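Note that the structure is predicted; figures quoted are calculated from it, not measured. Order of the sequence lines fixes the chain letters, A, B, ..., with proteins taken first and strands second; residue numbering starts at 1 for each chain.
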Amino acid sequence: MTDNTKYNPQAIEPKWQEQWEQDKLYRAKVDWNKPKHYALTMLPYPSGDLHIGHWFAMTPSDARARYMRMRGFNVLFPMGFDAFGLPAENAAVQRNIHPKKWTLANIERMRKQMRSMGAMFDWEREMVSCDPDYYKWTEWFFKQFYQAGLAYRSEALVNWSPTLQTVLANEQVIDGKDERTGQPVIQKMMTQWFFRYTRYTDEMLNFDNVDWPEPIRIMQTNWIGRSEGARVVFKTEQGDPLEVYTTRPDTLWGATFMVLAPEHPLVEKVTTKEQRKAVDAYKEQAARQTEIERSAEGREKTGVFTGGYAINPVTNTRIPIWIADYVMITYGTGAIMAVPSGDQRDFDFARKFGLEIIPVVQPEGEKFDGKTMEVAYDGAGIMINSGPLNGMISNGQKGRKNPAVDAAITYLEERGIGKESVNYRLRDWLISRQRYWGSPIPMVEKQDGTFEPVPDDQLPVLLPDDVDFLPTGQSPLKLHEGFQNTVDSEGKPAKRETDTMDTFMCSSWYWYRYLSPHFQQGPFDPEEAAYWLPVDVYTGGAEHATMHLLYARWFAKAMRDLGMFEEAMDIMKAHGRDTDSMLWGEPMLKLRNQGQVLGEERDGHFIVASGTWQAAKLFADKVDVIDPANAPAKRSKLVVGEIIKRTENLLTVDIGNDETRTVEVVPDAVITIPGIEGPCRADQLKHHLEIQRMSKSKGNVVNPDEWVGRYGADSVRAYLMFGFDWQKGGPWDSKGIQGVVRWVNDVWDIVTGYQPPASGDAEAERNLERRVHQTIRRVSEGLENFSFNTSIAGLMGFRNDLKDVMKASNVGAAAWGEAIKTMLKMMAPFTPHMAEELWAQQGHSYSVHQQSWPEFDADKAAEDTVTLVIQINGKVRDRVSVAADIGEEEARTTAMERETVQKALNGGTAKKVIYVPARNGQEPKVNVVV
RNA sequence: GCCGAUGUGGCGCAAUUGGCUGACGCGAUCGACUCAAAAUCGAUUGGGUGCAAACCCUUGUGGGUUCGAGUCCCACCAUCGGCACCA
């Protein structure tokens, strides 16, 4: 027989989940009479199993959404799946499962797991990005952008495996080799589809209308990387114009050579016969490196002279043209003028290859000489060796604010050899992927090589299911005749585009689809959009700072400019709502990022192994796991220490003093592990786990289902919110969860197992009321600020107060009941099932989640007395309890009269007495400076 | 390499605008209950000196600003996230 009076989450949680679903408690419907709140949390990729990281991201977001709902908002909190992507294709190649089957099975599984969270997701709004109903509109967006001139075709570098004849993702390339086969990978130019991401650079630099974390804004700002300077046209000796971008046109007179990216189109033409071989070899070598490797500033400069020359347009001198991998084809014009005296990279390059260095900016009091300079100088100074600019000030500032830059630009523009220019680090968005499992690009290539979009009534272009996966990873669409062969608008044979879209494209508009996932006339229903948009708060990982979150903003701006929100805005206006937030083109008004839950640290088994030695390796036929305290003193021929790594039967053992030994456990070895009966297997030996990201291969993955099974979803939710700084994350601690388990059980026992007296002591009741309101303040503030841990700490503190009250038994039933009622409402966002169960048991009307949030009353929270903190020279030396409404004069007098202060003054007078008034619940302070 | 963040007891963390460092927990130690263990309950718990009162030290390191610094400034160290085809 089970004890019905004990907290039993396994019975309560499924019961309420079912009830809520039946009652459509979380169905979010448009209601113009209520203020709306669109709470969005990043949708998961269906990798297979719901991870503790998903819980960490989603359940606190859910708690906050629930809080907003109790605050009176009509809350939309949807969920879906970002279902296209590489892992599904890898599964197909490696395990012969169709990506669709694999993905849909994973989604099914994760949906079930997600229900156990007890989150208020409105499942009727679910979207799945690999569903044709969804990607029809992803394709439609592509087409809209194409027709508006926001999509175009151009060349870009890709990771190309010559052996596999396929394109690889960055994550598939390790140290310039394919991670699967170890075959070399090169950088190759291919024609691909792009979005004019750079169209909105300046607008995306503006964050005036959003509440986003400062670090994210800084990262996006740097990612966009606006710089002011000039474009200058040099000429090669053959007469070809060679344009460069520079932020320092004032230093043009010091440009003693040029450097082109190895991929630059003019390289071919300027290279002389003598240099051809060296140039080709260098190009090949550069193609083997990624951009990150190439841009590492500290590394030795490499490069090759092309044999060609250009003319410096201001000095008319002949300067050599080199190629070097520190110049990127993707930035600026892919060519630079090198001013070694002013740029450290150019300086290093010049020194290495014996190129001329001409100082052009010289700080006052210095005398630079190109032959003796030791480092480049990029600070402020006076112009020298610069013809018309000589004697001018270069003040170190960017753009026209710098007089020398200003004069240089004017000079260039007057002569038509250059012009002022703003450059961005941001590149256009390459959306083509040479993969199968993605949204098709709805374009066909006509016989003449031009492209035209697929007509709307033929959307979506469906991904064919009958495809073959080659072990090379080549896109099956390339081999699928039936998919490729089609006709153009004139009925002539044409070829379908076989590239698919970047999955970031799918995730750049999903929150619009949630509004009306089954809407047929467009990507979203304007009626729904008018009410719910924009997203009020978006939660997710900070790792999306520069990509997803920037794409999302681009989409919103492009959609606005293509008039996609016009209808919704008309409806908004009709309801008297301001449309400014739509005109900003900002998809999410508030953004907050959570950190990551890392794996738990675990000690490895401490072992004594014996056997035979062979080439510094012990082949052990006996391994005993022991307590380190009992380690044998004599260790010759033995290996004694903690297992830090185990691969199959191969152990790496830490024997102390930073030394390790390798032990191979022979097949029939005798292994004993305390607590495990009989002979053990080598794979039962545990190795040390460090705190690091969870991954299957490291064996440190925390499975939420297991913990839900043990303690219930409410405890797992509460622990994730209590045990971490949400914005920071941290290692999982399987012991730490005990704290919330005890709390939840305590609350259960307090609410169900105590009979208060009919009437109580007035002062005790006043004290309880005070604590109730102090708790309301703490819990509310925590939820507002995403400091879930302090909210729960407040509730735990309140639990402690209630236990004290129970012991004293001096609070009457009415006051007690009121306190319990308020507490249950406050617990509802964190432990929704238990709060609902206890709410029902207390006889209150269903549902606790439809109650309004308790109102905070500052008067009721106020203390009668406070501690006056007395400092001497800033150090706390004394405390005294005083009335809470103590004034400044009285506080000063009280402090000065204290013995501690008198002693410190030692008959003298204080130099200064500083009074710090009480504010925001802090104590007043007096600091006496002796 | 570049961009961004973080660093406080044995551990997770808290500290609102520059104003009592360590709330709330985990763990640990001692005690109660128990034949015993678990659970639960009570007490202690940053380090040091001291019988005690009390005093000194302590927020990654080194400087600085201030009556007062975990918080602001400068330099450095360590760790984590991102770097455009992972999502």
Q. Can you check whether A/R799 has a side-chain N or O nearer than 4.0 Å to OP1 or OP2 of B/G25?
A. yes

Q: May I ask you to verify whether the side chain of A/Q192 and the base of B/C85 hold a donor-acceptor pair under 3.5 Å?
A: yes

Q: For B/C24 and B/A36, measure between their C1' atoms and round to the nearest Å.
A: 34 Å

Q. Is the A/Y45 ring parallel, tilted or perpendicular to the A/W102 ring (thresholds 30°, 60°)?
A. tilted

(Q) Using a heavy-atom cut-off of 4.0 Å across all strands, would you classify A/K903 as base, sugar-phosphate, or nothing? (A) nothing

Q. Got a donor-acceptor pair under 3.5 Å from the side chain of A/N170 to the base of B/C85?
A. no

Q: Tell whether A/Q738 reaches the base of B/G27 with its side chain through a donor-acceptor pair below 3.5 angstrom.
A: no

Q. Can you check whether A/K807 has a side-chain N or O nearer than 4.0 Å to OP1 or OP2 of B/G42?
A. yes

Q.
Looking only at the side chain of A/A793 (C-beta and beyond, no hydrogens), which of the listed nucleotides B/G25, B/C26, B/A23 gets closest?
A. B/A23

(Q) Of the listed nucleotides (B/A87, B/C20, B/C67), which one gets closest to any side-chain atom of A/D82? (A) B/A87

Q. Considering every strand shown, what is the Watson-Crick or G-U wobble mate of B/U40 when both distances are under 3.5 Å?
A. B/A32

Q. When the P atoms of B/A5 and B/C67 are considered, how many whole Å apart are they?
A. 30 Å

Q: Looking at every strand, decide which applies to A/W223 at a 4.0 Å heavy-atom threshold: base, sugar-phosphate, or nothing.
A: base

Q | Chi class for B/G82: syn within 90° of 0, otherwise anti | A | anti

Q.
Would you say A/R742 places a side-chain N or O within less than 4.0 Å of OP1 or OP2 belonging to B/U40?
A. yes

Q. Between A/R433 and A/D804, which has a closest nucleotide on RNA chain B that is more 5'?
A. A/D804

Q: Under 4.0 Å between any heavy atoms, over every strand shown, what does A/I218 touch: base, sugar-phosphate, or nothing? Just pick one.
A: sugar-phosphate

**Q.** Side chain of A/K925 (C-beta onward), nearest among B/G12, B/C57, B/C20
**A.** B/C20

Q | A/W212 six-ring centre to A/R553 NZ/CZ under 6.0 Å and within 45° of normal | A | yes

Q) A/K911 side chain N/O closer than 4.0 Å to the phosphate oxygens (OP1, OP2) of B/G68? A) no

Q) What is the ring orientation for A/F142 with A/F195, classed by angle as parallel under 30°, tilted 30 to 60°, or perpendicular over 60°? A) tilted

Q: Determine whether any donor atom in the side chain of A/Q172 lies under 3.5 Å from an acceptor atom in the base of B/C85, or the reverse, and answer yes or no.
A: no

Q) Do the ring planes of A/W429 and A/Y197 sit parallel (below 30°), tilted (30 to 60°) or perpendicular (above 60°)? A) tilted

Q | Closest to the A/K735 side chain, choosing from B/U6, B/C24, B/C26 | A | B/C26

**Q.** Selection from B/G25, B/U6, B/C83 that lies nearest to any side-chain heavy atom of A/K728
**A.** B/U6

Q.
Counting only side-chain heavy atoms from C-beta out, which of B/A15, B/C20, B/C86 sits nearest to A/T790?
A. B/A15

Q: Counting heavy atoms from C-beta on, name the nucleotide in B/A14, B/A87, B/C57 closest to the side chain of A/M547.
A: B/A87

Q.
Looking at A/R217, I'd like to know whether one of its side-chain N or O atoms comes within less than 4.0 Å of OP1 or OP2 on B/C3.
A. no

Q.
Do the side chains of A/D749 and A/K803 get close enough for a salt bridge, i.e. N-O under 4.0 angstrom?
A. no

Q: May I ask you to verify if any side-chain N or O of A/N222 is less than 4.0 angstrom from the OP1 or OP2 atom of B/C2?
A: no

**Q.** B/G25 OP1/OP2 closer than 4.0 Å to side-chain N/O of A/N800
**A.** yes

Q: Using a heavy-atom cut-off of under 4.0 Å over every strand shown, decide if A/H544 touches base, sugar-phosphate, or nothing.
A: base

Q: Output yes when a side-chain donor or acceptor of A/W437 lies under 3.5 Å from a complementary backbone atom of A/A83, and no otherwise.
A: yes

Q. Can you tell which of B/C20, B/C85, B/C86 lies closest to the side chain of A/V158?
A. B/C85

Q. Taking a pair as Watson-Crick or G-U wobble with both distances under 3.5 Å, which nucleotide is matched to B/G81?
A. B/C3

Q) Do any side-chain nitrogens or oxygens of A/T546 fall under 4.0 Å of OP1 or OP2 in B/G82? A) no

Q: Look at A/E214 together with A/R217 and state whether they make a salt bridge at an N to O cut-off of under 4.0 Å.
A: yes

Q | Nearest listed nucleotide, side chain of A/F722, among B/G81, B/C24, B/C13 | A | B/C24

Q. Under the ring pair (Phe, Tyr, Trp, His ring centres under 6.0 Å) criterion, do A/F788 and A/F722 qualify, and how do the steps go?
A. CA-CA 6 Å; A/F788 305 100; A/F722 174 70; over 10 Å; no

Q.
Would you measure the distance from the P atom in B/C55 across to the matching atom in B/G9 and give it in whole Å?
A. 25 Å

Q.
Determine whether a donor-acceptor pair (one donor, one acceptor, N or O, separation below 3.5 Å) exists between the side chain of A/R693 and the base of B/C80.
A. no

Q) Does B/U16 have a Watson-Crick or wobble partner in any strand here, with both distances under 3.5 angstrom, and which is it? A) none

Q: Go through B/G19, B/C20, B/G4 for me and flag the one nearest to the A/M219 side chain.
A: B/G4

**Q.** Under 4.0 angstrom between A/N873 side-chain N/O and B/G68 OP1 or OP2
**A.** no

Q.
Categorize A/S787 for me: base, sugar-phosphate, or nothing, with a 4.0 angstrom heavy-atom threshold over every strand shown.
A. nothing

